[in-house]
Amino acid sequence: MQRLLFPPLKTLLGSQSVRLLVPRAAPRTQCGCSCGIRRPLRSGQYSTVSEVALQSGRETASLPSKAADRVVGRWLLVCSGTVAGAVILGGVTRLTESGLSMVDWHLIKEMKPPTSQEEWETEFQKYQQFPEFKILNHNMTLAEFKFIWYMEYSHRMWGRIVGLAYILPAAYFWRKGWLNRGMKGRVLALCALVCFQGLLGWYMVKSGLEEKPDSHDIPRVSQYRLAAHLGSALVLYCASLWTSLSLLLPQHKLPETHQLLWLRRFAHGTAGLVFLTALSGAFVAGLDAGLVYNSFPKMGESWIPQDLFTFSPILRNVFENPTMVQFDHRVLGITSVTAITALYFFSRRIPLPQRTKMAAVTLLALAYLQAGLGISTLLMYVPTPLAATHQSGSLALLSGALWLMNELRRVPK
């Protein structure tokens, strides 16, 4: 990283942007007595890069474009890792039913946790005014409350770290001129999505704090808002990782054959299917649908349970019936594994670079690992560590799909 941020002077001198700044040497005089002696530089001429930088008011010159791309690519790779951490931590927060422990939202004020007994009592009293305590946790002690509060606090603070990881370096790179016009638009979109993600998270939490007099169900956030919150996080993760891979991995010059065209389309469709499967997991989590039928491959005693269409109108069952939600997630998971398997065998029929073959093998291995984790989570009645690992596996599977797509991307003419 140090070599990327402060490249050698030889590299800087080789870049076109710096060569334009350094004036050519004054021509030699034609008389014999002064042959071989350069004329002294006039006012306004500079012979070194440092003098040029000082004259322009800058202490460092711009990085060459390839070096800048590597820096930006590694930055976005780190950013995608922080988003993955936020998704995993959010999943654990949901599994431990900690998400409704903080009943208000302040960008700066809530960064300082309670420190005294009095502050903790005040925070606990605020929590006691909302449905989750009244219906589900009315026997909760202060020590138990501290655990779920710190879980939600960690998730929110991690979200702030994600925001800073995007916004501060983006401003620095923008000021340094390391972002081209297209990358500026993409970085602006990523930073805007980070801010939107934070607001969407609070909008989701509010749905679980609302009083519902006609309902005696366990208080939980809206599965629609949960899916939107997870979906925007997955979009942010995929966009950051895709841009990073595009900047860091050299592009293959593959022959544009009919088979390659179909393989590329197949890879894009499979990646979309993996994304949809991961998104359906939000509805499973939001409705606790993983606790409905804990058997596989059948659901109870039948392949297709009888309570799939108990809600009216029928479309409500897709998003609100826990049985249907679990059934859909199973079908999407099996379809994803089948598609990835077919994609792998299709890729073997085409001559591909070694790195591309490795991406296809990795995606296949991740698909079967993720399927095994999902089945184990279901059969063991959704234990928190295993369920969190299964949620993490969805990110790994998405990463594998994006890697293979990036390997197959078309070389611009």
Side-chain angles (χ1 to χ4, degrees), residues 1-23 43-86 106-109 111 156-201 232-233 235-251 402 406 412:
M1 181 61 74
Q2 183 178 2
R3 291 183 62 187
L4 290 174
L5 293 177
F6 304 100
L9 183 60
K10 182 180 179 180
T11 304
L12 290 174
L13 290 174
S15 67
Q16 184 178 1
S17 59
V18 177
R19 287 201 303 269
L20 292 173
L21 295 174
V22 182
S43 176
Q45 289 182 309
Y46 301 91
S47 58
T48 65
V49 174
S50 60
E51 289 174 302
V52 175
L54 288 174
Q55 175 68 13
S56 62
R58 299 176 182 176
E59 296 181 358
T60 58
S62 297
L63 281 178
S65 59
K66 290 185 178 180
D69 285 347
R70 287 197 298 270
V71 174
V72 174
R74 291 174 183 177
W75 160 58
L76 289 176
L77 186 63
V78 172
C79 287
S80 63
T82 62
V83 175
H106 301 283
L107 183 61
I108 304 299
K109 182 180 177 181
M111 294 177 65
R156 294 193 186 190
M157 291 304 297
W158 189 268
R160 287 166 171 77
I161 292 174
V162 173
L164 293 176
Y166 275 92
I167 295 172
L168 294 183
Y172 177 80
F173 296 149
W174 192 300
R175 183 175 179 274
K176 286 293 183 180
W178 295 355
L179 304 174
N180 58 37
R181 184 175 180 179
M183 190 58 62
K184 284 180 178 179
R186 190 170 299 187
V187 167
L188 276 178
L190 291 175
C191 292
L193 187 55
V194 169
C195 298
F196 173 74
Q197 175 71 0
L199 295 175
L200 191 56
S232 62
V235 169
L236 179 63
Y237 174 78
C238 292
S240 302
L241 183 60
W242 174 265
T243 306
S244 172
L245 293 176
S246 300
L247 292 173
L248 294 177
L249 295 180
Q251 197 166 355
L402 289 173
N406 194 273

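None of the values given here were measured: they were computed from a predicted structure.
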Spacing of OG1 belonging to T82 relative to OH belonging to Y237, to within rounding of 0.5 Å: 10.5 Å
Could you pull out the closest heavy-atom pair between A86 and V162, with the gap in Å? CB-CG2, 4.3 Å
Using 0.5 Å steps for rounding, measure from the CG atom of L247 to the CZ atom of R70. 11.0 Å
Roughly how far, to the nearest 0.5 Å, is CG of L245 from CG of L241? 4.5 Å
What's the separation between atom CD in Q251 and atom CG in N406, rounded to the nearest 0.5 Å? 7.5 Å
Distance-only, no hydrogens or angles: does the R160 side chain make a donor-acceptor pair with backbone N or O of L107 under 3.5 Å? yes
Heavy-atom pair with the smallest gap, counting every atom of S232 and F196: CB-CE2, 4.4 Å
Considering non-hydrogen atoms only, spot the tightest contact between L77 and S244 and give its length. CB-OG, 3.2 Å
Expected list for residues 179-195: side-chain donor-acceptor pairs under 3.5 angstrom, two or more places apart:
{"from": "N180", "atom 1": "OD1", "to": "G182", "atom 2": "N", "distance (Å)": "3.3"}
{"from": "N180", "atom 1": "OD1", "to": "M183", "atom 2": "N", "distance (Å)": "2.7"}
{"from": "R186", "atom 1": "NH1", "to": "T243", "atom 2": "OG1", "distance (Å)": "3.3"}

Should the pair F173 and W178 be assigned to parallel (<30°), tilted (30 to 60°) or perpendicular (>60°) ring geometry? parallel
Under the side-chain contact (heavy atoms from CB on, under 4.5 Å) test, residues paired with L164 that sit two or more places apart: L168
I'd like to check the side-chain hydrogen bond (donor to acceptor under 3.5 Å, both in side chains) partners of S80; sequence neighbours left out, ordered by chain and number. none
